Asks: 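First the structure, which I've put down as structure tokens, then a few questions once you've had a look.
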Amino acid sequence: GWRRSARHAKSLRVSATLAFGRMYVAPLIPGLIARYPDLECELILGDQTVDLVDDRIDLAIRMTRDPPQDAVVRRLIAVKRVICASPAYIEAHGEPRTPGELERHQCFSYLLTDDNVWRLADRQGKETDIRVRNRFQFNDIACLHDAARNGHGLAILPLYICGADLASGALKHVLDDFEPVVSFGRDIYACYTPSRVRAPKVAVFLAELERMLSPAPPWAR
């Protein structure tokens, strides 16, 4: 059972992206460790893709359009992204009513992956490309979130980052008839090597993740 297996491989190495890992994965670990006295856990956070084998990762939680072909992959949840800004920014610069008006605004893009082009899909799925700009940029989503909250411009943010601010009014959702389309897709996956399929430590962590995300994720409650 668990104890016999854990003696051989009790340390669980989990990889996750910085923001999602810090906000939603890290808080799960103390409770899990308390329930399973033989379990040790290492959480490796970073936005660069890890190699499951070379980096000795038991379980990787990634947002990607193309999960690794040689891994066992379980889709955890789809994350919606929105364009938002602070009430102060909207008061000072106006609220964009059409995608074309974004060209007149300061716009923050995650990881600089879009070459300063925002792709927006309307409710029928028709996509529009808009060239955007900002005089400073970040490759960290927490910095984008802070910049938007502090009134420096519009940002594309996943709801798991900005949901609480939208509920409180600290941020306002703009252009809500359009959804941003980003290169790394909208699905979060759990990925692990075939050798980990029957590992109890992976199973208990996956169960904990799925419990946290269902029936609705924390940011949607």
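Both backbone and side-chain heavy atoms feed into the values below; hydrogens, waters and symmetry mates do not. Keep in mind that this is a model prediction, so the values were computed, not measured.
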Asks: Going by atom type alone, with no hydrogens or angles, which donor-acceptor pairs under 3.5 Å involve a side-chain atom of residues 204-213 and a protein atom two or more places apart or on another chain?
Replies:
from: Glu208; atom 1: OE1; to: Arg35; atom 2: NH2; distance (Å): 2.6
from: Glu208; atom 1: OE1; to: Arg211; atom 2: NH1; distance (Å): 2.5
from: Glu208; atom 1: OE2; to: Arg35; atom 2: NH2; distance (Å): 3.4
from: Glu210; atom 1: OE1; to: Arg74; atom 2: NH1; distance (Å): 3.1
from: Glu210; atom 1: OE2; to: Arg74; atom 2: NH1; distance (Å): 3.0

Asks: List for me each residue that meets side chain to side chain donor-acceptor pair (under 3.5 Å) alongside Arg131, sequence neighbours excluded, and say none if there are none.
Replies: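 Counting only residues at least two positions away or on another chain, Arg131 forms no side chain to side chain donor-acceptor pair (under 3.5 Å).
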Asks: Distance-only check: which donor-acceptor pairs under 3.5 Å involve side-chain atoms of residues 17-29, not counting sequence neighbours?
Replies:
from: Tyr24; atom 1: OH; to: Tyr160; atom 2: O; distance (Å): 2.6

Asks: Nearest 0.5 angstrom please: Cys107 SG to Trp118 CH2, how far?
Replies: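 The CH2 atom of Trp118 is 4.0 Å from SG of Cys107, to the nearest 0.5 Å.
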Asks: Which pairs with one or both residues in residues 12-21 pass salt bridge (charged side-chain N to carboxylate O under 4.0 Å, His left out), sequence neighbours excluded?
Replies: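 Sorted pair list: Arg13-Glu42.
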Asks: What residues, two or more places apart in sequence or in another chain, satisfy salt bridge (Lys or Arg N to Asp or Glu O under 4.0 Å) together with Arg81?
Replies: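 So Arg81 forms no salt bridge (Lys or Arg N to Asp or Glu O under 4.0 Å) with any residue.
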Asks: Give me the atom names and distance for the closest heavy-atom approach of Asn116 to Gln137.
Replies: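 Looks like OD1-NE2, 4.1 Å.
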Asks: Run the numbers on Met63 and Phe184 for side-chain contact (heavy atoms from CB on, under 4.5 Å), then give the verdict.
Replies: CA-CA 7 Å; Met63 181 174 290; Phe184 29 85; 4.2 Å; yes
Asks: What do you reckon, is CZ of Arg65 surrounded by more than 12 foreign heavy atoms closer than 6.0 Å?
Replies: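 Atom CZ in Arg65 is packed in, count exceeds 12.
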Asks: State which residues pass side chain to side chain donor-acceptor pair (under 3.5 Å) with Thr193; sequence neighbours excluded, sorted by chain then number.
Replies: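 Per chain and number, Thr193 pairs via side chain to side chain donor-acceptor pair (under 3.5 Å) with Ser195.
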Asks: Can you name the side chain to side chain donor-acceptor pair (under 3.5 Å) partners of Asp51, sequence neighbours left out?
Replies: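 Checked Asp51 against side chain to side chain donor-acceptor pair (under 3.5 Å); zero matches.
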Asks: If I take atom CG from residue Leu32 and atom CG from residue Leu39, how far apart are they, to the nearest 0.5 angstrom?
Replies: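 Those atoms lie 5.5 Å apart.
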Asks: When rounded to the nearest 0.5 angstrom, what distance separates CD1 in Ile44 from CZ in Arg56?
Replies: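 The CZ atom of Arg56 is 8.5 Å from CD1 of Ile44, to the nearest 0.5 Å.
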Asks: Any idea which heavy atoms bring Leu175 and Pro99 closest together, and the distance?
Replies: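 For Leu175 and Pro99, the tightest heavy-atom pair comes out as CD2-N, 4.0 Å.
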Asks: Rounded to the nearest 0.5 Å, what separates atom CG in Asp70 from atom SG in Cys191?
Replies: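 Between atom CG of Asp70 and atom SG of Cys191 there are 10.0 Å.
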Asks: Can you list, pair by pair, the side-chain donor-acceptor contacts under 3.5 Å of residues 143-155, counting residues two or more places apart and other chains?
Replies:
from: His145; atom 1: NE2; to: Asp165; atom 2: OD2; distance (Å): 2.5
from: Arg149; atom 1: NH1; to: Asp165; atom 2: OD1; distance (Å): 2.5
from: Arg149; atom 1: NH1; to: Asp165; atom 2: OD2; distance (Å): 3.1
from: Asn150; atom 1: ND2; to: Asp146; atom 2: O; distance (Å): 3.0

Asks: If the condition is side chain to side chain donor-acceptor pair (under 3.5 Å), which residues does Asp177 pass it with, not counting sequence neighbours?
Replies: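 So Asp177 forms a side chain to side chain donor-acceptor pair (under 3.5 Å) with Arg123.
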Asks: Residues two or more places apart in sequence or in another chain: which of them pass ring-ring contact (aromatic ring centres under 6.0 Å, His included) with Phe108?
Replies: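 By the ring-ring contact (aromatic ring centres under 6.0 Å, His included) rule, Phe108 matches Phe136.
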Asks: Does the side chain of Arg119 come under 3.5 Å of the side chain of Ser183 through a donor N or O and an acceptor N or O?
Replies: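 Distance-only check fails for Arg119 and Ser183.
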Asks: Quick check for you: to the nearest 0.5 Å, what is the distance between Tyr192 atom OH and Leu59 atom CG?
Replies: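 The distance works out to 8.0 Å.
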Asks: Does anything in residues 97-106 form a side-chain hydrogen bond (donor to acceptor under 3.5 Å, both in side chains)? List the pairs, not counting sequence neighbours.
Replies: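 Pairs touching residues 97-106 that pass the test: Tyr89-His105.
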Asks: Would you compute the distance between atom CD1 of Ile83 and atom CG of Leu171 and round it to the nearest 0.5 angstrom?
Replies: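 Ile83 atom CD1 to Leu171 atom CG measures 13.0 Å (nearest 0.5 Å).
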Asks: Please list all pairs meeting side-chain hydrogen bond (donor to acceptor under 3.5 Å, both in side chains) that have one or both residues in residues 166-175, counting only residues at least two apart or in different chains.
Replies: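 For residues 166-175: Glu95-Lys172.
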Asks: Any idea which heavy atoms bring Leu120 and Pro180 closest together, and the distance?
Replies: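 Shortest heavy-atom separation between Leu120 and Pro180 comes out as CD2-CA, 3.9 Å.
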